[in-house]
Amino acid sequence: MINLQYLMFLPIGIGIILFIIPESLKPIKGVFNLLVSGAVLYFSFLVFKMNSGLLNMECFKFPSVSKYLIFNVDNLSKLIALFIGIFGFLFALYSLSYITKEKAVKGYYSYYLITLGAAFGAVFSDNLIIFIFFWGILGLTLYKLIKGYDEESSSAAKKTLVLIGMSDSVLIMGIGILWQLAGSCNMSEINIATTGTLGIIAFLALLVGSFTKAGAMPFHSWVPDYVKKAPASSSAFLPASLDKLLGIYFLVRICKDIFQLTDWATLMLLIIGAVTIIGAVMMALVQHNYKKLLGYHAVSQVGYMITGIALGSPLGIAAGMFHMINNALYKGGLFLTAGSVEKRTGKDNLDELGGLSKMMPLTFFAALVFALSISGIPPFNGFFSKWMIYQGIIDFGNGTGLANKLWIVWLTLAVLGSALTLASFIKLIAGIYLGRRNKGLEKVKEVSFLMWLPQIIIAIVCIGFGIFAAKLVIPYLIEPVTGKLDYVGIWQSQSVSILILVSIVVGFLIYLYGNMKNHRVSDSFIGGEKIQEETNFSPLDFYQTIKNFKFLSFFYKKAEKKWFDIYDVFKSMILWFNKIFSLAHNGFLPRYVLWYVAGLLILLIILIF
Amino acid sequence: MIIYLLCFILFLVGLYGVISKRNLIKIIISIAIMEYSINLFFILIGYVEGGTAPIITKGFENAKFVDPLPQAMILTSIVIGLATTALLLAVAIRIYQKYGTFDINKIKDLKG
Amino acid sequence: MKGMTFIVKKITQIICPIIFMFGLYIIVHGHLSPGGGFAGGVIMAGAFILQILANGKILPKLRKEEEGLEFMESAAILGFLILAGLGLLISGGVVFFANFLDKGELGKLISGGFIPIENIVIGAEVCAAIATIFIAMVVYKDEEKK
Amino acid sequence: MNSLIPLFIIIPLGSAFVMVILGRFIKNFNKFITPIFMLSLVYLTFHFIINSEGSLIYLVGGHEPVGDVPIAIYLVMDGLTKLILLVISLVGFLAIFYSLSYTKQYTAERKFYVLFSLMIAGMNGVVISGDIFNIFVFLEIAALSSYALIAFGVEKHQLEASFKYQVLGGVASLVILFAIGFIYWNTGTLNIADISRQLNVNSNSLASVGVFLKFISVLLIAGFGLKAAIFPFHSWLPDAHSSAPSPISAMLSGVLIKAVGIYVIIRLFFNMFPLSYELSMTITVLGTISMIIGGLLAIGQWDIKRMLAYSSISQIGYIVLGLGIGMLVLATGGDKAVAALSITGGLFHLLNHSIFKGLLFLSAGAVEYRTGTRDMRKMGGLSEVLPITSRTSLIGSLAISGIPPFNGFFSKLIIIIAAIQAQYYVLAFLAVIVSVITIAYFMKLQKYTFYNNDGSKWKDKKIKEVPFSMSFSMILLSILCVILSLLVIPEVRSVFLQPAVDVLINATDYSTNILGI
C-alpha cells in the first residue's frame, strides 16, 4: 500500500518542490529528477511483486474522500506501471544531457515528475473520478512539456491541449452516463453492455478519451504536430510511450472490464484500427521532417493495438498489449535517436541529412534496431507482436458476425500497413544515416554517454523481447493479464533467431571473404565525366512518386488542406459561427435596446400564451 | 383602469424614444420619461379611494390614508433617477468632447 | 460668462433668500407635512443654481465652491450614518437606526425623535449634491470651450 | 439579531465618505484605508461562515413585526448570502490591492477608491437585504458606481461603453422597478419572505394566479438578466467589461454580475416564487444559449479583454445552467440529491468563476499596463519578460478551461454529471461542447499573448514585470485557483457551499425561517 502511495505522490511532491529551484540550476534539477525516477522504478518493481486486489486509501480526516480513493492493483495495472517506471527512468537519464539547450522548456523536470506521478495515479485508480483527475493532469503536463518559442510550436501546443481537453470533457460526460447507468463509478464494479442509446454514447465517449490519448484516428492530429516541435525527450516520454501505455491501458479496461463488446462495437473498432494503420502510414511516407514522420508512425502503430484489442479474444488483447509495450519501447527509442541527431546536427529535415552512420555508430545501431522492430522484421519484438495480431485475426475469422467474416480485410490491411512501415523506415534510415553526407555535417560527433546509454538499453530490450517473446516475456508479463494463450500458428522465436544469426554471420563472412581479395577501387565509369553532386540520388526522391499517384494524390491534397484533421474542421466551423454572431453585435445602441425589448416580449409570449 | 393604461403608454413612449432616437440627449430624456411613468404607476398603486395624505396630525389619527409606502419608494426612485440622469448627462457631455457628435449612429467603435 | 441683465440679478437677489428659507421650512417640517429632506434640499439647491445662472460663473470660484459642496455632501452622509450608528450604540449595540430620542407629542415641531435631525442632514446632503452636479456640468462645459 | 450584520453596509459606505473628506487632506489616505476595510470585510465574512448557522435576521430600526406583517427592513444572513459575501470581499480585496499600483495612471486617483467602496457597499447591500425594494436601491448604488468606474479613464471607448451600459442598465432597472410595483400592488408587501408566504399560502388570491406570476417573473428575469448578462440581454457586457480599468473589469466580471444578477435571480426564483417548470426551463434555456453564444463570440476576438468579457457571458451561462437544472429537478419533484448536486455545481462554479475571471482580468490588465495594448496580434513572447503574469494567466486559463487540478475542473465535472443524473443529456452535451470551445479560445489567448515568438521585441523595449501590489494579487488569486478545488471534498464543502445549497434546496423554508411563522 505504502509503495503505491510513494509511486504516485513522491514524484508529484518532488515535482512541485522543484518549481522552487531556479531555472539556472538545471543540472541539479536533472539529478534530482533522475534520483526520483530511479526510486520510482524501484517502487514500481515492488508494486509489480505485490498481490493483486483493491486497495482503499485513507485520506487524512476526510472519510468521504477515502470512499473514492480506491486503487485497483491487478495484473494489468501492475504491468503498465512497471513499464511507466522503466520509461520514466530511461528518459530521465536521457534528459540529463539532452535538456541543456537554450530553448529548453521552463520547469521541464517538474512537469516530468508530475507526469510520472499522474500516470501512476491514472493507471491504478479504480474510481473513474479520480482517474479523470489524473488523466487531465497528464494533458496539462503534455502542454507544458513543449515550449512555444515560435508560431508553429505554440500552435502545436495549443492544438494539443485543445484536443486533449476535448477528449477529457467528452470523457467526463461518458463517466457521468456510466455513473447514471451502473450506479457506481468504480471500474471494477461496472460491467454493462454496449446496447441502448446511453450505453452506446458512454462507450463512444470513453473511446474518445482513450483514442485521443493514444493518438488514434480521427483524434490523432495533435501527435505529428506535437512531436515535430517538442523536445525529443518530451516526445519520447509522452506521445510515444506514456500516452500509448495509458491510452491503450484504458482501451483494454473499456473493452475488457467496463463494457461487453457487441458486434457493431467490434466492427467499429476494427475499422478505426485499420484506417489508422493505413491512413497514418500513408501520411508518414511522404514526410520530410523525420520527427513528423515518427509522429505519424506513432499514430499508425496505435491502429495495430486497437485492432488487437478489438478482436476481444485473449490472444487479440494479449497481442494488442504486447504491441503497445513494444511500440513504447521502439518508438520511445526512435524519438531518442531523433533527438540525438537533432542535437548534434541541429536539423530536422531528411533532405539536409545523410551519411551519419559513421559519425554516430551507436545511435545508428539503435535506430536500425528500432526501425527493423517497428517494421516487423523477425526476430525483433515488433515482429512477434504483429505476428500475434495476425494470429488473432485469423482466429477471429472463425466467428459468425459481420466483422468476423471480413477477417481477411483486416489481415490484408494490417500486413499492408506493416509493409508500408518498412518502406517509410527505409527512407528514414537511408535519409539520415546512409547515403551521401550533406554539407555542414562534417563535424558531427557521437552523442554523450548519458544519451546513447538509454538508446542502447532500449535497443537491447527490443532484441531480447523479440527473441524470448514466447518463452519468457509473454508468460511473465502478458499472460497474467489475459490468461493462458493458445496460438494458432507456431513461431519458434529462439530457433529462428539462431537461424537468422547464423545467416548474418555467414553473410558477414562472405562479405569479408569478398573484401579480402584486393579489388581495384575506382569511380564508376560515366562517360569520362566526373561524378556530379546531382547524379547522387537521394533515397527520398523515390517517395515523391507516391504523392503524385493519381488516386492517392486526391487524398494527399485534401490532407494538405486539413480535411482529415478534426481540429481544423471544427475550428473553421466555429469561426464561421463566430463571424455571423459578430456581425450581429455592431455596436449600435438602439439595436441592443431593441434586442432587450424583443427578448422581453418573446419571453412573455412564450410563457403566457 | 384607463389611467394605468395611460401610464403604461407613457412607458412605451419612453421606450420608443430610446429605440428610435439617435441623439444622446434625446435618449436620456426618453429614459427619464420611462422613469416618470414608473413613478406615476407607483403613486397610482398606493392610491386609496377617498384617502388623504398619510400624515398623522391631531384629529386625523384614524382617517383614511393613502398607502404611504409607495410614496416613500417613489422618493427613493426619484433620487436614483436624478443620479442616473446626472451621470448620463455627464457622460454624454464627455462623449461629445471626444467624438464631436451626439449622434448615436457615429458612436459605435466598440463592436464585434 | 457674464451674468444676465441687472433686472434679473436684482430679482434673484431678492428672491433667493426666500427660496432658501422655503427650502429650510420644508426640511424642518418634513415629519409633519409632505416634503422633507429631499424636496427641501432640492429647493435650496435651486436657490444656489439661480444665483449662478443670474450672476454668471467665475470658474476658479466655482471650483472652490464645488470642493466645498463635495465636502458638505460627504459630511452630511457621514452625519446620517453616525446618527444611525448612535442608535446602535444607545440601544446597547443591537439596533441600527434605532430612534433613540424622545418621540415627543404628535403634531409638534419638535417630535418624532431623531427623524427631524435626519431630515436636516438629508436636506444638506441633497442640496449639496444637486448643486455639485450643476456646477460640475458648468465646469465641464467650460473645459470643452478651452 | 446579530448586530454585526449591518456592518457589511456601514463599513464600505462610511469609509467611502470618510475618504472623500479626509483623502483631501491626508496623502494616500484612500489607498491606505480601502484595503484595510476590505480586509475587515473578509474577516467578518469568515466570522459568519465559521461561527454561525442557519438564517440570521436583523431588523433595521428594531421594528418588530406587527401581527403577521413584518414592517422593518430585514437584513438576512443565510448560507447563500455568506457565499456571495465571501466572493465580494475576497475578490474585492485583491482587486483593490492590485489597484494600488494600477491607479497611478489616473489623475483623480482618490475618487477611484471612493467609487469602489460605494460599489462594494451596493453589492453587499443587495446580497444582505431581505427586502425586494432595498435590493433595487442597493443595486442602483452598485450600478451607478460601476457606470462611473467604467468611464473612469475618460477615454473615448470607456465613455461609449459606459453610456451604452447606462442606457441598457437604466431600462433594466426600470423594468425591475415595474415588477416591484406589480408585486407590491398584489401582495401589499416588499419583504421577500412575506411575498413568498403570500404567494404560497394564499394560493387563491390574485397574486398567485399563473399569468400574473409569469408576467412578474419575466420582468424580473429581463431586469436582473441584464445585470447578469444572460442572453439576449448581454450586449452591454463585452463593451463595458473590456473598456473598464482592469481591476474594475475583474470586479464587474468576477463579482458584480453575480452579486446583482445571478444572486438576485436565484434568491427570487428559488425562495420567493413557487417553483414552476416553465420558468425553470426558461432560465435554463437562456443560460444554455448564453453559454453557447458567449463561447462562440469569444473565440474570434483579438482584444484580450473583450475575449475575457465574452467568456464571462459563456461562464455565466454555465452557472445558470447548473442552477437551472437544480431548479428544474426541484420543480418537477425529482430527486433532491440530484438537485443538490446540480446547485452545488452551479454555486461552486460561481465561486470559481469569480476567482479565475478576476485573475484573468488582472493579468490582462498587467499585460496592458506594461505593453500599452490589448490587441493580441501585437503581443507574443511576453512569457519571457513577464514571467509572473504569464504564469498566473496560464493558471487562470487552465482553471477556466477545466483542466485539473484547478478548481474549474471540479465545478465543470459536477455540473456535467448533475445534468446527466437529472437526465438532461442534451444540456450535458452542450456543456461539454462549450467547455471545448472555452479551452480553444483560452489556448488562443495564451498562444498569441505569451508565446508565439521569442519575445525579443519586448526585451528590446526593456519591459519589466509589474509592481508588487499587482503581482501579489495575481499570485494570491492563482493560489486560490488551486486551493478552491479542495471544495470538492464534502467535509470542506459542508462549511462553505453546503449552507448555500441548503437554502436553495429547501426553497420554501426560507419564509418560515425569516418570519418565524
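Proteins come first, then strands; the chains are lettered A, B, ... in the order of their sequence lines, and each starts at number 1.
Dense packing is recorded around NZ of B:Lys108, with more than 12 heavy atoms of other residues, nucleotides or ligands lying under 6.0 Å away. Atom OH of B:Tyr16 has 12 or fewer neighbouring heavy atoms from other residues, nucleotides or ligands inside a 6.0 Å radius. Heavy-atom neighbours of B:Tyr36 OH from other residues, nucleotides or ligands within 6.0 Å: at or below the threshold of 12. With a 6.0 Å radius and a threshold of 12 heavy atoms from other residues, nucleotides or ligands, B:Ile3 has its CD1 atom at or below the threshold. Atom NZ of D:Lys111 has 12 or fewer neighbouring heavy atoms from other residues, nucleotides or ligands inside a 6.0 Å radius.
Side-chain contact check for B:Val91 versus D:Tyr147: every heavy-atom pair is 4.5 Å or farther apart. By the 4.5 Å heavy-atom criterion applied to side chains, D:Arg306 and B:Leu110 are counted as neighbours. Under the 4.5 Å side-chain criterion, counting only non-hydrogen atoms from C-beta, D:Gln166 is not in contact with B:Ile31. B:Met73 is not listed as a side-chain neighbour of D:Phe136, based on a closest heavy-atom distance of 4.5 Å or more. Contact of the D:Tyr184 side chain with the B:Leu69 side chain is registered, since non-hydrogen atoms from C-beta on lie closer than 4.5 Å.
Taken to the nearest 0.5 Å, the NZ atom of D:Lys156 stands 5.0 Å off from the CG atom of B:Asp109. Taking CD1 of B:Ile45 as the start and CG of D:Asn186 as the end, the distance is 9.0 Å to the nearest 0.5 Å. Rounding to the nearest 0.5 Å gives a distance of 8.0 Å between CD1 of B:Ile80 and OG of D:Ser173.
Residues of residues 307-314 of chain D lying under 4.5 angstrom from chain B, judged on non-hydrogen atoms, are D:Tyr310 in numerical order.
The greatest number of non-hydrogen atom pairs below 4.5 Å with chain B, out of D:His157, D:Glu155, D:Glu140, is found for D:His157. In terms of heavy-atom pairs under 4.5 Å with chain D, the best-connected choice from B:Thr76, B:Leu24, B:Ile95, B:Leu87 is B:Leu87. Contact count versus chain D (heavy atoms, under 4.5 Å) is highest, among B:Asp67, B:Ile27, B:Ile28, for B:Asp67. Comparing D:Asp303, D:Val137, D:Val167 by heavy-atom pairs within less than 4.5 Å of chain B, the highest count is held by D:Val167.
A donor-acceptor pair under 3.5 Å links the side-chain atoms of B:Lys98 to the main chain of D:Val154, judged by distance alone.
B:Ile74 meets the side chain to side chain contact (heavy atoms under 4.5 Å, CB included) test with B:Asn39, B:Phe42, B:Ile43, B:Ser77, B:Ile78; sequence neighbours excluded. Scanning for side chain to side chain contact (heavy atoms under 4.5 Å, CB included) contacts around D:Ser249 gives D:Ala244, D:Lys305, D:Phe361, with sequence neighbours left out. With sequence neighbours excluded, no residue forms a side chain to side chain donor-acceptor pair (under 3.5 Å) with B:Asn105.
In this structure, the portion of D:Leu190 lying under 4.5 Å from any heavy atom of chain B is its side chain and not its backbone. Both the backbone and the side chain of D:Phe163 come within less than 4.5 Å of a heavy atom in chain B. When heavy atoms are compared at a cutoff of 4.5 Å, D:Gln158 does not approach chain B at all. B:Thr84 touches chain D through backbone and side chain together, each having a heavy atom under 4.5 Å away.
Aromatic ring pairs are classed by plane angle as parallel below 30°, tilted from 30° to 60° and perpendicular above 60°; the pair B:Phe41 and D:Trp185 is perpendicular.
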